[in-house]
Amino acid sequence: MLDLRVIRDDPDRVRASQRARGETEEVVDELLAADESRRASLAEFERLRAEQKSLGKEIPRASGDEKQALLDRAKDLAAAVKAAEAAADGAQRRLDELAMVPSNIIIDGVPEGGEDDYVVLREVGERPDLEKVRDHLELGESLGAIDTERGAKVSGSRFYFLTGVGAQLELGILNLAMSKAVEAGFTPVITPTLVRPEIMAGTGFLGAHADEIYRLERDDLYLVGTSEVALAGFHADEIVDLSDGPLRYAGWSACYRREAGSHGKDTRGIIRVHQFHKVEMFSYCREEDAAAEHERLLGWEESMLGAMELPYRVIDVAAGDLGSSAARKFDCEAWLPSQSRWLELTSTSNCTTFQARRLNIRERAEKGTRSVGTLNGTLGTTRWLVAILENHQLPDGSVAVPQALRPYVGGRDVLEPVRAG
RNA sequence: GGAGGCGUCGCCUAGUCCGGUCUAUGGCGCCCGCCUGCUAAGCGGGUUGAGGGUCAAACCUCUCGCGGGUUCAAAUCCCGCCGCCUCCGCCA
C-alpha cells in the first residue's frame, strides 16, 4: 500500500512507476477521486455527529414538552447520522480497495521492462571447467543424498527425500546461514509456517501470487512460501523502536509453494519443489536507511555464496519482474553447469514502507509516528544443494565439499558415490 | 471437544451490576519546568493512536480486544467473533 499523501502530492511519480512496471496508470486518478469523495462524506458525517452529541447533552437537563421536542429532533438526527456514517464508511472502503491496487514505487535506477531486462551488476568466481557434466540429481542419487522417486511415491511430483549426506548438507547450509546471521547481529527466529489471511495479505502475496499459495480452507490459514511472511507479521500493529539501528531477524522455516504456473518447468531434481527449507534475513529500518540496508543484505548473501565457493552473478531485477511489494530487488544467481545457465539462489527486496503500511508497523517520529521500511533477503535454501553438487563435482562422480560445510559432513572433504553412478 | 474467567490510553488499575455528570480514575514509568552544593525527595505541567481541518493553530470525529445490534445517548445492555488464562475430557 502506498502513502496516500504521496499519491496526492506527487501523482506523476506513481504514474511513472506504474508505467515502468507495465501496470495500470488510471488507478492513480481513481484514487484521487475516491480520496476526494471520502473526505467530503467524512466531513458531512462528522458535522452531523457533532450536532448529535451536543443535542444529546441537553436532553438529560430538559423536561416536559421541551424534552419531548428535543427527543424528536434527536431521533431524526440519529437517522441522518447513521446514513452519513454509512456513506462515509462506503467511501473509505472504496478508497481502501483502490489503495491496494498500485504496486510499490520503484526506486530510481531500477531497470525498466520485464523478466529479461535485468542488469548484471557483477560476476564473481570461476565457472568450473568440466569435461563430463553430471546434473545434481544424478550426483545426488549416486551419493545417496537425494531421492525423488520415493518423494513422488509418498507425496507426489516435486517432492523429495534428502537422505544421508543430502540431509547433512542441507542442515549444514542452513546452520551456517544461521551462524553467519547471528554473528552479524540478527536475532535467530523459528517461525510459524501457517499464518492468518491478514498477515498473508499484508506482505503482498495474495495479489498476483495468490495461485502460488497453499490454503487450508477449513482453518482459514495459509502455508507460507517464505518466513518473510511471518517475520513481517511479527511486528504487525506495533510501534517499534529503531533508535538503536535496524531490527534484524533471521528466520528459519519450511517453505511451501504450489508452483501452479510452472507445469513442465524444472521438473527434474529439486530445483523447483513444493516444500523446502530456507534461512531468510528480515530487517525493519528507517525509510531513509533502507537503500543502505539493502546493500548490506546483499553483502551478507554474497558472503554466504562465497563460503559455498560458488560462481555467481548479481542482477538488478527489472521493474516488471519485481513483486508488488518490492521497490528494488537484487538476485544472486549461481552457475548451473548441467544447463549452462544461471539459477537464482538468493533474492533480496527493499519493500520501503509498502509492507509496513499494510501491516501497520510504525516508529515514533518527531511528530507522531511513521511507517518503517522492511527488507528481506535469502541466506540459504535447499536449492543451494543443486549448485553445490554441480559446481563441486569431480570427474569420478564424487563431490568436493566446500571448506565451510565440512564440519556438517563429518569433516569429509570429498563425498563418494555409495553405489555405481 | 466441554465448563468457567478475563481483555480499559507503555505497565498496573478505577469505572461495567443500575446507560447521560467518562471530555475514562489513580499509581508507576517517561518527558518538560521549578526548587536544590550534587543526587534523591518535593512541587507544577505533559504523556494512546488514527482521521478531518488549518499557512500554522484553534477546533471536530473516531478509538475502552474486534465487528454488529438496541437507544435520543453505550467502556457500561444484547448478539457474534478473536485472543489469553484455569479446569475437565481426548490425543501425542
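These values consider heavy atoms only, across backbone and side chains, with no hydrogens, waters or symmetry-generated copies. Chain letters run A, B, ... following the sequence lines, proteins first, then strands; residues in each count from 1.
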>> Salt bridge or not between A:Arg370 and A:Glu288? Use side-chain N to carboxylate O under 4.0 Å.
In response: yes

> Rounded to whole angstrom units, what separation is found between the CG atom of A:Asp96 and the P atom of B:rA50?
Replying inline: 16 Å

>> Does atom NZ (A:Lys75) have a neighbourhood of more than 12 heavy atoms from anything else shown, all under 6.0 Å?
In response: no

> Which nucleotide, B:rU23, B:rC82, B:rC72, lies nearest any side-chain atom of A:Arg196?
Replying inline: B:rC82

>> With a 3.5 Å distance limit and no angle check, can you tell me whether A:Asn391 reaches the backbone of A:Ala387 through a side-chain donor-acceptor pair?
In response: yes

> Would you call A:Glu44 and A:Arg47 a salt bridge, using N to O less than 4.0 angstrom?
Replying inline: yes

> Is a salt bridge present between A:Glu112 and A:Arg19, judged by a nitrogen-to-oxygen distance below 4.0 Å?
Replying inline: no

> Does A:Leu169 reach the side chain of A:Val409, with side-chain heavy atoms less than 4.5 Å apart?
Replying inline: yes

> Between B:rC82 atom P and A:Asp220 atom CG, what is the distance in whole Å?
Replying inline: 11 Å

> Between B:rA73 atom C1' and A:Gln68 atom CD, what is the distance in whole Å?
Replying inline: 15 Å

> Looking only at atom P, what distance separates B:rA24 and B:rG10, rounded to whole Å?
Replying inline: 14 Å

Would you tabulate the nitrogen or oxygen pairs shorter than 3.5 Å linking the protein to nucleotides 58-64 of chain B?
residue : atom : partner : partner atom : Å
B:rC62  : OP1  : A:Arg49 : NE           : 2.3
B:rC62  : OP1  : A:Arg49 : NH2          : 2.8
B:rC62  : OP2  : A:Lys53 : NZ           : 2.9

> Rounding to the closest angstrom, what is the interatomic distance between B:rG2 and B:rG89 at atom P?
Replying inline: 16 Å

>> Quick check: A:Tyr222 with A:Tyr214 (ring centres under 6.0 Å apart)?
In response: no

> How far, in whole Å, is B:rG49 from B:rG44 if one measures between their C1' atoms?
Replying inline: 27 Å

>> Quick check on contacts: within residues 74-91 of chain A, what sits under 4.0 Å from RNA chain B by heavy-atom distance?
In response: A:Ala74, A:Lys75, A:Ala78, A:Lys82

>> Are the side chains of A:Leu345 and A:Thr378 in contact, using a 4.5 Å heavy-atom criterion?
In response: no

>> Rounded to whole Å, please give me the gap between CG in A:Leu48 and P in B:rG52.
In response: 19 Å

>> Heavy atoms from C-beta onward define the side chain here; which of B:rC72, B:rG52, B:rG20 lies closest to that of A:Pro60?
In response: B:rG20

> Can you tell which of B:rG52, B:rC82, B:rG20 lies closest to the side chain of A:Arg39?
Replying inline: B:rG52

> How close or far is atom P of B:rG67 from atom CD of A:Glu198, stated in whole angstroms?
Replying inline: 13 Å

>> If I pick the C1' atom on B:rC81 and the same atom on B:rC22, what distance separates them, to the nearest angstrom?
In response: 27 Å

> Could you state the CG-P distance from A:Leu70 to B:rU71, rounded to the nearest angstrom?
Replying inline: 19 Å

> So does A:Gln52 get a side-chain nitrogen or oxygen closer than 4.0 Å to the phosphate oxygens (OP1/OP2) of B:rA73?
Replying inline: yes

>> Assess whether a salt bridge exists between A:Asp96 and A:Arg93, defined as any Lys/Arg side-chain N lying under 4.0 Å from an Asp/Glu carboxylate O.
In response: no

> With rounding to whole Å, what would you report as the distance between B:rG33 and B:rU70 at their C1' atoms?
Replying inline: 49 Å

>> With a cut-off of less than 4.0 Å, is there a side-chain N or O of A:Arg38 near OP1 or OP2 of B:rG52?
In response: yes

> Which whole-number value in Å describes the distance from A:Arg93 CZ to B:rG68 C1'?
Replying inline: 13 Å

>> Quick check on RNA chain B: between A:Gly56 and A:Arg370, whose nearest nucleotide comes earlier from the 5' end?
In response: A:Gly56

> Looking only at atom P, what distance separates B:rC62 and B:rG4, rounded to whole Å?
Replying inline: 35 Å

>> If you only use heavy atoms from C-beta on, which nucleotide in B:rC72, B:rU23, B:rG51 is closest to the side chain of A:Lys57?
In response: B:rU23

> What is the base-pairing partner of B:rG80, counting Watson-Crick and G-U wobble geometry with both distances under 3.5 Å?
Replying inline: B:rC66

> Looking at B:rG52, B:rG49, B:rC72, which one has an atom nearest to any side-chain atom of A:Thr369?
Replying inline: B:rG49

>> Using a 4.0 Å heavy-atom cut-off, does A:Gln92 contact any base of the nucleic acid, only the sugar-phosphate backbone, or nothing at all?
In response: nothing

> Counting only Watson-Crick or G-U wobble pairs whose two distances fall under 3.5 Å, which nucleotide matches B:rG42?
Replying inline: B:rC34

> Are A:Phe330 and A:His294 near enough that their ring centres are under 6.0 Å apart?
Replying inline: yes

>> Only pairs with both distances under 3.5 Å count, Watson-Crick or wobble alike; so what is the partner of B:rC87 in this structure?
In response: B:rG2

>> Using a strict threshold of under 4.0 Å (side-chain N to carboxylate O), is an ion pair present between A:Arg38 and A:Asp35?
In response: yes

> Pick one: which of A:Phe282, A:Phe186, A:Phe234 meets ring pair (Phe, Tyr, Trp, His ring centres under 6.0 Å) with A:Tyr249?
Replying inline: A:Phe234

> Considering only the P atoms, how many Å lie between B:rG83 and B:rC66, rounded to the nearest integer?
Replying inline: 15 Å

>> Once you apply a heavy-atom cut-off of 4.0 Å, does A:Arg362 come out as touching a base, just sugar-phosphate, or nothing?
In response: sugar-phosphate

>> Which nucleotide, if any, forms a Watson-Crick or G-U wobble pair with B:rG10, using both distances under 3.5 Å?
In response: B:rC28

> Which value, in whole Å, describes the distance between the P atoms of nucleotides B:rU71 and B:rU54?
Replying inline: 36 Å

> How many Å lie between CD on A:Glu363 and P on B:rG49, as a whole number?
Replying inline: 14 Å

